[in-house]
Amino acid sequence: MDSRYSPQDIEEKWYKTWEDAGAFKPQGTGKPFTIVIPPPNVTGALHMGHALNNTLQDVLTRFKRLQGYRTLWQPGTDHAGIATQSVVEKQLAKEGVKRQDLGREKFVEKVWEWKQEYGGRIVNQLMRLGSSCDWSRLRFTMDEGLSKAVREVFVRLHQDGLIYRGTRLINWCPKLQTALADEEVESKETKGHFWSIKYPLADNPEEFIVVSTTRPETMFGDVAVAVNAEDERYKHLIGKQVKLPGTDRTIPIIADEHADPTKGTGAVKITPAHDFNDYEVGKRHNLKPIIAMNLDATLNHQAGKYAGMPRFEARKAILADLEAAGLLAAVEDRVIQLPTCYRSGDVVEPYLLDQWFVYMKPLAVPALEAVESGRTRFVPARYAKIYRDWLEPFKDWCISRQLWWGHQIPAWYVVSETDGKRRQDTPFVVARSVEEAQAEATSKYGAHAVLVQEEDVLDTWFSSALWPFSTLGWPGKTPELETHYPTDVLVTDRGIIYFWVARMVFSGIKFLEKEPFHTVYIHGTILDEKGQRMSKSKGNGIDPIEMIGKYGADAVRFALMILTTEGQDIKLSPVKFETGRNFANKLWNAVRFVLPHLQDNREPLRMGELHLADRWILARLDETIKTVTESLEPPTLRFSEAAQALYRFTWDDFCSSYLEIRKRVITADDATATLEALAAKKQAVSVFATVLEKLITLLHPFMPFITEEIRQAIGLQDLLITSSWPTAGTPGAGNAEEMATMELLLKIVDITRAIRGDYTIPPAQATDLIISCDNADLRERLKPHADVVSSLEKVGALKLEVNGSKPAFSAAGLFPGGHIYIPLEGILDPVQEKVRLTKELGKAEGFMATQEKKLQNESFVKSAPADVVEGERTKLQSQKERVEKLKVALADLG
RNA sequence: GGGCGUUUAGCUCAGUUGGUUUAGAGCAUCUGCUUUACACGCAGAGGGUCGGGGGUUCAAGUCCCUCAACGCCCA
C-alpha cells in the first residue's frame, strides 16, 4: 500500500464490480425504499448542482440498501424539448441547414441520432460520481413506454374535461417560435421609456387625449383608450371616439379601473391581443382583440406602412413619425420589467393564440391537501409555502409547444368536416393512437372522416410530471409499480418546486390515488466562492469531473456532504475538496498501519482482557452509529451532522487517540514479543478490526470506493455495498464510569501537552509527570490505565500520588480531581509560570463570580428546574476548589 | 410592492426543542516537531460576546418586535 491513497486506481474497478454483481438492483424481500432521480436533460453535462443532488440520493440509497431495504434508485434522462431542439438546430446551423429544410420527420430523426451519440454523457458522469442507480432500468421520457403513459394521461384528462383547447393570451417566444408557460418567462429589469402619445378626438381633431405607453409599436392593435371613471380630467370624454394615428380606425374612450390616474397621463391604450392586463380589460368591455403582429414579431397588415418591420425597428419608426406629426407629447425614462424567455433570452411577446390547457383547480386542490395534511412533507418545511403559493391561484397550465421535438399531442382534427382544411372550428378527437382516433372519428363523423394530427408537442414537464410512475411501467400493472410506488424521498433543488414537484404530486394523486413520495428534500444551491451562481456565461463553474479526477470521487462526495446543512446554499471552491481528500488519506493510512498486523491476529474479543481504551472506542463507536443512523433517517436528513460525526470519530477518536494509545501494543513483533504481549496484541488488533469494519460501513454511503477497497484489503470477501448496516450495542463497549475515567485521562494528557507547549519542549524530549489525586479512590481508578497517558506523550518517570507535594522547579496544572506536576529544572521560568497561573486564576475567578451571582439570584433558585440549580451548585463548588488550588500553586512560586 | 433566507473567530460555516464548562469546527496565522500510518501529517497557541436597537424570561447566539445590509423567489 502506498502512503498516499490514489483513488484513480480503484474507482473504476469497484464500480464495475458492483454493476457486475447486480448490487444496484433491488434485492431481497425487505421493505422497499425508492428514489426517482430528477432526470437530467439529455443534453446536459454534470455540474456541481448535479454532483450535490446525486450524492445526496446515493447516500440515502446506499444507507437504506445497507439497512436491508429493497432499494431502487430509478435513473433516467429527460428529452428537454426546447433545450435539445436548440442544440441540434445549432449543430445543423453549422452545416448551413435549417430544421425547416429537413422537414419535421427528418429533423426529429436527427435529434434521435444526436441523442444516441451524446445522450449517454451525463449517465457516464453520474457513474463516475459513484451513483448506485439501477442502470438496467434506465428510462428516457420519450421511450415508448413513457410515451404511452403520456398519451394515456392526456386522454384521461381530456375525458375528465380537464384538458381544453382555447384561444388565450399566451407567452410567445418569437425566437423559438413557441408558446411558453408562465414559469418559463423571466422578468428582467431594464431601462426603458414611457412615451406619451396624442390620440386626436374623432369629432374634433384639434383636441387630444394623451395616452402613456411603454410599447408604442403595439398601437395598431389598440381597440380602446381607457381612463379611470373617477378621473376628473377625462370624465367628459368617456364614450367619445378617438382616431388611431396612422390608421383610419376610430376607437372608443372607455372607463376602466385599470387606468391609474397617478401613472403617466392617466389614460392608457388598450391592446388586448398583446398585453395581459389589456386582455382582461378587453374581456370586461366586450372588445374584439386585434392582432397587430406576426409570430416572428414583425408587424402585420394592421400596421399599414410599418407592416413587415421587426417590432423594435417599427417602434423607432413609429415614434419618429409621431414626433414629426407633433403627436409625441412626452418621453420619460423608466425602469420596466421586460419578460424574457428562459431558454433563448428573447423578449417574450404576449400573443393571442389557440393553445392546449390543463384546467388546474381540480388537480391542485388534492395536491394542496397532501402537503397540508403532512402526507407529503418538505424539508426544510418552509418550502411548503412556495409550493402552496404557486398552486393556490389555480392558474391553468398551457401545455402545448410549437416545437418538433417532444410528445406530439394525441389529438386529431377531423379535417373532412371542414373542407379538408384545418380551421378554428375543425372538430377533433383525442385518442391513444391513430387507430383509436380513426375509430372514434368514424363512429362520430362516418367512414369518410379524414384525420390530421395536431402538430404541437407537449410541454416537457408534462412527461416529467409522470416520472415517479411512468418509469415503473404505468399504465401497465407491473410488479415494479406495485413494489416501488409510492416512492420515498424526492431530492431536488428549489428551482423546480413548481415546474416539477407540484406537477408530480397532482399527477400521482390523480392517476394512482397516492402521493408519489412522503418527503421532498430541497437542498441548497451551489455558489462560487464569492456567493454568485455558477454559470457558463460567467465562467465561474467548477467541473465536478475535473474535481473527481484531481481529488477522487469519495473526496468530492464527502466534502459536499459535510457542507450540506439544511437548506443552506453552499459557497464552493476547489480547496474545500481537500478536506475530503485529506480525510480519505487519513483513513487509508490508519488501515495501512495496522494491516500487516491484522492477518493472523484477529480473534474474538475477550471482555476481561480489554483495555480501557478498547472499551472507550467501542462505546464511542456506538454513539457514532446512533448519530449517523438518526441523522440520515428521513425526514431528519442532516447530512452534514452525519458526515461530521464520522469525521470526528475517525480522525480524533480512532486515529489521534485510540490508535496512538494502542500503537505499541499493536506493532509488537510476533517473533520476539512475550506471550502476554502477544495476547494483548491480538485483543488490540481485534478491537481495531471490529471498529474499522463498522466504521467503513458507516462511511460507505459517503465514500463508497475507498471503503469497499478497505474491506477487501482487510480480508473480507463479500462486498461492502450489500453488507449490513451496524447497530449500536457493540459487545465490550465501556460503561459510563469507564468513559469518565478515560475522559479524565485524556484531560490530563491535554493539560500536560499544553504545559509542554508553553515551554516549547520538543515532542521527543521526555519530561517526568506526577499525577497527584485528591483522594486514594481516584488514584486507584487511574492507576491501571496510566499507560494511556504515557502512550500519548513522551513521559519519563510517571508517578501517581495522593495529595503529593509539588516538587521544586515544576510546572503545575489542575484537572478535576487533582494536580499534575511536571518537574522542569533548568527550564522552568518562575516569571512565565506566574503569568501562566495568574491568567488561569483570573479566568477561574471570573467564572466563579458568574456562578455565584447566578446562585445568589433568588428567583433563579426558585424558578429554575432543580437539576439545573443543582448543576450550577456543583459547577460552583468545583470552580471554588480550582481557584483555591491555583492560589496555592501561585503561593508556592513565591 | 409581497414572501423567504442570511448576518457567529481573518475566511467558510456548525450551534436540533432557551439552562454542561469560559460559544465550537475546518481553513488561514503563529510556535515546536522527519515521534518507525499519514507533512494530504503530529503537538500546542492566539483569535469572536454571536449585524444594530428594544423586549419576554430566573436564564437568549437560541423566542418576540424593530432597524440595517446582502441574497433568492414572486408580482
Side-chain angles (χ1 to χ4, degrees), chain A residues 1-5 182-183 186-187 337 380 382-383 385-386 389-390 393 494-495 497-498 524-525 527 529 531-533 551-552 555 559 562-573 575-597 630-631 636 638 640-641 644 647-648 651-652 655-656 659-660 663-664 666-667 749-750 752-766 792-794 816 840 842-848 850-851 854-855 857-865 867-869 871-872 874-876 878-879 882:
Chain A
M1 273 174 108
D2 193 59
S3 74
R4 289 271 170 94
Y5 164 63
D182 292 343
E183 302 75 45
E186 291 171 350
S187 96
Q337 300 296 329
R382 63 173 182 274
Y383 287 109
K385 186 172 155 52
I386 307 267
D389 289 352
W390 181 74
R494 65 179 109 90
I497 291 175
Y498 25 82
T525 306
L527 306 170
E529 41 198 324
Q532 296 177 310
R533 267 189 124 82
Y551 299 104
I562 214 155
L563 292 169
T564 297
T565 50
E566 190 179 279
Q568 284 319 106
D569 288 351
I570 298 170
K571 282 189 201 165
L572 196 65
S573 68
V575 281
K576 304 244 169 152
F577 297 118
E578 288 179 12
T579 308
R581 179 201 57 187
N582 297 352
F583 181 57
N585 194 239
K586 185 78 184 175
L587 180 67
W588 182 255
N589 276 288
V591 175
R592 194 168 71 94
F593 173 58
V594 180
L595 201 57
H597 307 283
E630 285 168 14
S631 301
T636 302
R638 287 205 275 262
S640 178
E641 197 169 287
Q644 276 189 56
Y647 185 91
R648 292 254 155 72
W651 203 300
D652 300 342
C655 292
S656 294
L659 208 48
E660 291 300 329
K663 203 174 219 175
R664 291 209 189 89
I666 287 174
T667 54
V749 169
D750 276 350
T752 316
R753 281 173 170 176
I755 292 172
R756 287 172 56 108
D758 270 353
Y759 285 98
T760 50
I761 293 165
Q765 186 182 327
L792 288 173
E793 56 201 344
K794 193 85 175 170
E840 266 195 65
K843 280 189 201 168
E845 281 178 334
F847 181 58
M848 191 176 81
T850 351
Q851 296 307 115
K854 217 174 198 178
L855 284 162
N857 183 344
E858 276 177 41
S859 35
F860 169 71
V861 180
K862 210 164 57 189
S863 321
D867 56 325
V868 172
V869 177
E872 294 298 326
T874 315
K875 271 191 268 173
L876 177 61
S878 67
Q879 210 53 223
R882 198 175 151 74

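The sequence lines fix the lettering, A, B, ..., with proteins before strands; numbering per chain opens at 1.
To the nearest 0.5 Å, the span separating OG1 on A/Thr874 from CD on A/Gln879 amounts to 12.5 Å. To the nearest 0.5 Å, the span separating CD1 on A/Ile570 from OG1 on A/Thr525 amounts to 9.0 Å.
Each of A/Ile386 and A/Val594 has a nearest nucleotide on RNA chain B; the 5'-most of these lies closest to A/Val594. Ranked by how close their nearest RNA chain B nucleotide is to the 5' end, A/Arg882 and A/Val868 are led by A/Val868.
Looking at A/Lys576, its side chain does come within 3.5 Å of a backbone N or O of A/Lys571 through a donor-acceptor pair. The main-chain N or O of A/Phe860 is never found under 3.5 Å from a side-chain atom of A/Ser863 such that the two would form a donor-acceptor pair.
Rounded to a whole Å, the CZ atom of A/Arg664 is 11 Å from the C1' atom of B/U36. For the pair A/Glu793 CD and B/G32 C1', the computed distance is 15 Å after rounding to whole Å. Note: CD1 (A/Ile761) to P (B/C33) measures 13 Å, nearest angstrom. In this structure, NZ of A/Lys875 is placed 11 Å from P of B/G19, rounded to the nearest angstrom. Look at NZ on A/Lys385: it is 10 Å from C1' on B/C74, rounded to the nearest Å. When rounded to the nearest whole Å, the span between OH of A/Tyr383 and P of B/G3 equals 17 Å. Atoms CZ (A/Phe593) and C1' (B/G41) sit 14 Å apart, rounded to a whole Å. Atom pair A/Asn582:CG and B/C38:C1' shows a separation of 10 Å (rounding to whole Å applied).
Between A/Ala590 and A/Cys655, the closest heavy-atom pair is CB-SG, 3.8 Å. Across every non-hydrogen atom of A/Ser640 and A/Ile562, the tightest pair is OG-O, 2.9 Å. Minimum interatomic distance between A/Thr850 and A/Gly846 (heavy atoms only, all atoms of both residues): OG1-O, 2.8 Å. Between A/Arg756 and A/Pro762, the closest heavy-atom pair is NH2-O, 3.2 Å.
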Pairwise N/O distances under 3.5 Å, protein to nucleotides 57-59 of chain B:
residue: B/C58; atom: O2'; partner: A/Asn857; partner atom: ND2; Å: 3.0

Polar atom pairs between nucleotides 42-46 of chain B and protein, under 3.5 Å, N or O only, would you list them?
residue: B/C42; atom: OP1; partner: A/Lys586; partner atom: NZ; Å: 2.6
residue: B/C42; atom: OP1; partner: A/Trp651; partner atom: NE1; Å: 2.7
residue: B/A43; atom: O3'; partner: A/Arg753; partner atom: NE; Å: 3.4
residue: B/A43; atom: O3'; partner: A/Arg753; partner atom: NH1; Å: 3.3
residue: B/G44; atom: OP1; partner: A/Arg753; partner atom: NH1; Å: 3.3

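Here A/Asn589 does not reach the OP1 or OP2 of B/C40: none of its side-chain N or O atoms lies under 4.0 Å away. Residue A/Tyr498 places at least one side-chain N or O closer than 4.0 Å to OP1 or OP2 of B/C74. For A/Arg382, no side-chain nitrogen or oxygen approaches OP1 or OP2 of B/C4 to under 4.0 Å.
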Query raised in the report: Would A/Asp569 and A/Arg533 count as a salt bridge (Lys or Arg N to Asp or Glu O under 4.0 Å) if you check the C-alpha gap in whole Å, the side-chain angles of each, and the deciding distance to 0.1 Å?
Result: CA-CA 10 Å; A/Asp569 288 351; A/Arg533 267 189 124 82; over 6 Å; no
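Straight-line distance between the P atoms of B/A23 and B/G46: roughly 14 Å, to the nearest whole Å. Rounded to whole Å, the C1' atom of B/U7 lies 14 Å from the corresponding atom of B/G48. Between the C1' atoms of B/G47 and B/U8, the separation comes to 13 Å (whole Å). Distance noted for atom C1' between B/U6 and B/G15: 16 Å (whole Å). Nucleotides B/A25 and B/C50 are separated by 16 Å at their C1' atoms, to the nearest Å.
By the salt bridge (Lys or Arg N to Asp or Glu O under 4.0 Å) test, A/Glu578 is found to be paired with no residue, residues two or more places apart in sequence or in another chain being considered.
Every pair passing side chain to side chain donor-acceptor pair (under 3.5 Å) that includes a residue from residues 581-595 of chain A is listed here, sequence neighbours excluded: A/Asn585-A/Asn589, A/Asn589-A/Arg592.
Classification of the A/Tyr551-A/Phe577 ring pair by plane angle, with boundaries at 30° and 60°, yields tilted.
Residues A/Gln851 and A/Glu872 bring a donor and an acceptor atom of their side chains to less than 3.5 Å of each other.
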Report task. Between protein and nucleotides 12-18 of chain B, map the contacts as a letter string: B base, S sugar-phosphate only, - none, heavy atoms under 4.0 Å, written 5' to 3'. Result -> SSS-B--
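In this structure, A/Arg581 reaches the bases: a heavy-atom distance under 4.0 Å links it to at least one base atom across the strands shown. Across all strands shown, A/Glu630 has no heavy atoms under 4.0 Å from either base or sugar-phosphate atoms.
Looking only at side-chain heavy atoms (C-beta outward), A/Trp651 and A/Leu587 stay at 4.5 Å or farther from each other. A 4.5 Å side-chain heavy-atom check between A/Thr636 and A/Glu630 finds every atom pair outside the cut-off.
With a cut-off of 3.5 Å on both pairing distances, the Watson-Crick and G-U wobble pairs of RNA chain B assemble into stems of 3 or more at B:1-7 with B:68-74, B:10-13 with B:24-27, B:29-33 with B:41-45, B:51-55 with B:63-67.
Which of B/A37, B/G32, B/C4 sits closest to the side chain of A/Cys655 comes down to B/A37.
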